[in-house]
Amino acid sequence: MSKAIFYFFAILLWVPLFGLLYLSAIHQWSFPKLWGHSLFTFQHWKHIFGSEHQILEALQVSLVLGFFQMSITNIAGFLTSKFIMFHSKASILLSFSYYPFLITPLIFSFLLLYFFMQFNIAGSLFGVALVQFLLFYPFSVLLHASFWSKELKQLLFQATTLGATSYQVLIRLLLPMARPQLILGALICFLLSWFEYAVVHTIGMAKINTLTINTMIYFKEANPHLGAISALFLLLPYLFIILYFPKKSFQ
Amino acid sequence: MTQRIIVAVFITMSLVPLLSGYTYALLYSFGLTGLLNSEFTLHYWKSLFLQHQLLKHLWFSIYTAAISMLFSLIVAFYFAYQLLHQPRIWIIKSLLLPVFFAPISAAFIFNYLLSSTGIISRICFALGWINSYNDFPIFTQDKLGVGIIIPHIFLLFPLFSLLFYNIAKKENLMALKDLSLNLGASSKKFVFKIFIPILLKKTEPIILLYFIFFIGAYEIPLYLGTQSPQMLTVWIADLYRKFDLNSMGTAYAIIVLYASFVLVLLSIYLLKRKNKLLF
């Protein structure tokens, strides 16, 4: 019995996803009808892929921003975390990195909007990428800090003592060991940027159209079908994770 | 040398934008900078405290964050406990789904699920349980914030379930359960005296950080919240984006208050734990 209840709850987790799929595949959706005169239709999907639709453009912008955070912010955070964790005042330095993110992205972007307007980068893709960098870079440092454990530090010292050059330490030791950590960091930085709404909305000044902004636009237009498709595009990373990572990594 | 430069860059990147923004907001709220301001004034701060809005919105924010957190934790304990007994991959994959849900997608679909003309309401109508959409209880844009709390629970509890499950596996809590059962404790006693306290102790900083982050949640309250009481962030955004430059000063005053609130809360906590929050 308890098993059945547990499985039931687990299945409930899929309701929002099926809700989105359902909304994207119906038409003439007026209360109290659950579907229009034909059961399901792909007309909304065809409409999007048929032309240079704004959802596809938003997808591109979101991808560009995501890949920027995934590469630049992630690697910058990783390298910085090394120098911070080898510093004698590591814990104090690290505590600075909580503030930008915890002040919440919305307030953070309000604090910075004036300066971005002064420098004339508000409303540009560069401005949005920069503000996301300022927001996620400290977080990325924090994320990678746990990698530099005592054992690893000693291992690096030992390798150097045994005569490895710093290049060899990097290529032979550090990069292979850091691979899972870097992948995890890349994924988290990508998702943070991918899900971000408040900052893009404020600093982008309605000129930068990402998927999150697009979903909001359709919501305000009360267009459940295109909104659902836009929201489904936001779920693409999940599909990627399920397909890309082997079964073992979920255990 | 390289270390010094990189540490300096890190401090600049993480503190300078924040502090300069904070200073600008402070100056603006006292009328010392900005378009319409010319001299020192307490006008914005007075209007903020005379409106009696601030506390109402702050309480509503804390209330929704606390309730969402509480329920998420309860469900997460249940899931982690069940997962320990039946570690199924499909359940872990299902739990990952909400982790990959953008808050804005969650807000979008929960609005269409829960609203009085939404999907659930239509299913109830088709089954003959309600006769018109007026019979369906109001879950979105309601005074109690149910519409905000439900999506928050959906987004948060899977993350905590997976976290608890991993910690419980690492701490070998199943062996501890067998031991305590052998020594005569009931499973109920195990859950309440060992399982939950250990996990809470281990994740206390993360729970607190999430709680602070949740007070500032924005997308979901924007979609699914009422006009009054609003979440603090939605209220600030409304004041900030109004075409009235007078409300801008008030908005900056609240931003200063909110930022100070978070900075002080976090600093106290960091000092108390000697800066060792997560590692």
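Everything numeric here is computed off the predicted structure, so don't read it as measured data. Every chain is numbered from 1 and lettered A, B, ... according to where its sequence line falls, protein lines coming before strand lines.
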* Asked: Does any N or O in the side chain of Gln82(B) come within less than 3.5 Å of the main-chain N or O of Phe6(A), such that one atom is a donor and the other an acceptor?
  ->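 Not a single qualifying donor-acceptor pair exists.
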
Between Phe110(A) and Tyr252(B), ring centroids under 6.0 Å: no

query: Side-chain donor-acceptor pair under 3.5 Å between Ser267(B) and Tyr99(A), yes or no?
result: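 Tyr99(A) and Ser267(B) do have a side-chain donor-acceptor pair below 3.5 Å.
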
Does any heavy atom of chain A fall under 4.5 Å from the side chain of [X], the backbone, both, or neither of them?
{"X": "Thr12(B)", "result": "neither"}
{"X": "Ala237(B)", "result": "both"}
{"X": "Glu219(B)", "result": "side chain"}
{"X": "Leu97(B)", "result": "both"}
{"X": "Pro98(B)", "result": "side chain"}
{"X": "Ile215(B)", "result": "neither"}
{"X": "Arg241(B)", "result": "side chain"}
{"X": "Tyr24(B)", "result": "side chain"}
{"X": "Phe157(B)", "result": "side chain"}
{"X": "Leu83(B)", "result": "both"}
{"X": "Leu263(B)", "result": "both"}
{"X": "Val75(B)", "result": "neither"}

Got a second to check how far Leu23(A)'s CG is from Leu113(B)'s CG, nearest 0.5 Å?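 Taking CG in Leu23(A) and CG in Leu113(B), the distance rounds to 7.5 Å.
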
Among the listed options [options], the residue most often paired with chain B at heavy-atom distances under 4.5 Å:
{"options": "Thr80(A), Leu106(A), Leu234(A)", "value": "Leu106(A)"}
{"options": "Ala76(A), Gly19(A), Pro224(A)", "value": "Pro224(A)"}
{"options": "Ser97(A), Gly227(A), Pro138(A)", "value": "Gly227(A)"}
{"options": "Phe108(A), Phe139(A), Phe86(A), Phe9(A)", "value": "Phe9(A)"}
{"options": "Ala10(A), Ala231(A), Gly77(A), Pro16(A)", "value": "Pro16(A)"}

Turns out that what part of Ser149(A) lies under 4.5 Å from chain B's heavy atoms comes down to neither

Go through the steps for Tyr114(A) and Tyr28(B) under the test ring pair (Phe, Tyr, Trp, His ring centres under 6.0 Å), then give the verdict. CA-CA 11 Å; Tyr114(A) 170 74; Tyr28(B) 199 111; 8.4 Å; no

> Do the rings of Phe219(A) and Tyr223(B) sit parallel, tilted or perpendicular, given the 30° and 60° boundaries?
Replying inline: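 The rings of Phe219(A) and Tyr223(B) stand perpendicular, inter-plane angle above 60°.
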
